[in-house]
Amino acid sequence: MLVLLAGIFIVHIATVVMLFVSTISNVWLQNSNGSLGIWLACGSDSCQSIFTTLAQGDEAAMKAVEAFMVLAIIFSCFALCAFIAQLFMLDKGQRFYVTGGLMLVCWLCVLIGVSIYTARFSRVNTFYHGYCFILAWICFCFSLLVGILYLVLRKK
């Protein structure tokens, strides 16, 4: 059981790191001339705000993507702190409900943010998905897995 908890903790840390990378980096869509992120649109020689390149009416959707990805990072970090606190404060046999709940909220934020991005912005003809977009979907899977495992596991 201790090995399983350590493995889940490592996957949780990896999820937090991947959430940071996918949110901060600027390669959600890319082509040979540059890349588009959720913050900047970069060409071969310069970067500008993503809001200068968006079509009319897409600003609110991009702000929602940014907000939900930042919220996912916040909830994942809170869940990491809650796990460490619960590791030392819970009695034997109790479950990690708070940590699991926070990770499921993180999962929901990633789901909403990446789904909005997929529906509204991923159909650009000359672009293909970059590594940040793929990392965000991997974080979606990992945060669901870790959240469910935290809810199921008991402290031994």
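Treat the numbers as computed from the prediction; the structure is a model and nothing was measured.
Scanning both residues, W39 and T23, for their nearest heavy atoms gives NE1-O, 2.6 Å. Looking at every heavy atom in both residues, A79 comes nearest to T99 through O-CG2, 3.4 Å. Counting all heavy atoms, side chain and backbone alike, S76 lies closest to H12 at O-NE2, 3.1 Å. Between I50 and I38, the shortest heavy-atom distance links the atoms CG2-O, 3.6 Å. Nearest heavy-atom pair across F9 and Y150 is CA-OH, 4.2 Å. Residues R123 and T118 share a closest heavy-atom pair of NH1-O, 4.4 Å.
A distance of 13.0 Å separates CH2 in W28 from OG in S35, rounded to the nearest 0.5 Å. Taken from CG in L145 to OG1 in T15, the straight-line distance is 8.5 Å, to the nearest 0.5 Å. Taken to the nearest 0.5 Å, the CG atom of L40 stands 9.0 Å off from the CD atom of Q48. Taking OG of S143 as the reference point, atom CD1 of I148 lies at 9.5 Å (rounded to 0.5 Å). Note: N26 CG to C42 SG = 4.5 Å, rounded to the nearest 0.5 Å. Distance CZ/F121 to CG/D58: 4.5 Å, rounded to 0.5 Å.
Although no hydrogens or angles enter the test, the distance criterion places a donor-acceptor pair under 3.5 Å between the side chain of S22 and the main chain of L19. Using a distance-only test at 3.5 Å, with no hydrogens or angles considered, no donor-acceptor pair links the side chain of E66 to the main chain of A64.
Using a 4.5 Å heavy-atom threshold, the side chains of I73 and F20 count as touching. Side-chain contact between W137 and V114: present, with at least one pair of heavy atoms (C-beta onward) separated by less than 4.5 Å. Contact of the F96 side chain with the L5 side chain is registered, since non-hydrogen atoms from C-beta on lie closer than 4.5 Å.
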Worked check of side chain to side chain contact (heavy atoms under 4.5 Å, CB included) between M62 and L54
CA-CA 9 Å; M62 184 58 78; L54 292 177; 3.7 Å; yes

Assess the residue pair S122 and H129 against the criterion (side chain to side chain contact (heavy atoms under 4.5 Å, CB included)); give the C-alpha distance rounded to whole Å, side-chain angles, the decisive distance to 0.1 Å, and a yes or no.
CA-CA 7 Å; S122 68; H129 298 297; 3.3 Å; yes

Step by step, work out the side chain to side chain contact (heavy atoms under 4.5 Å, CB included) result for L111 and F68.
CA-CA 9 Å; L111 172 67; F68 279 112; over 6 Å; no

Take Q30 and Y128 through the test side chain to side chain contact (heavy atoms under 4.5 Å, CB included) and record every step on the way to the result.
CA-CA 6 Å; Q30 67 184 24; Y128 55 93; 3.2 Å; yes

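Taking the centre and axis of the six-membered ring of F51, the NZ or CZ atom of K63 falls inside the cone set by 45° and 6.0 Å.
Following chains of ILVMFWY side-chain contacts shorter than 4.5 Å, one can reach L153 starting from F88, so the two form part of one hydrophobic cluster. Linking ILVMFWY residues whenever their side-chain heavy atoms come closer than 4.5 Å, directly or via other members, leaves F83 and V3 in distinct clusters.
No more than 12 heavy atoms of other residues, nucleotides or ligands sit less than 6.0 Å from atom CZ of F78. For F142, the CZ atom is loosely surrounded, since the number of other residues' heavy atoms within 6.0 Å does not exceed 12.
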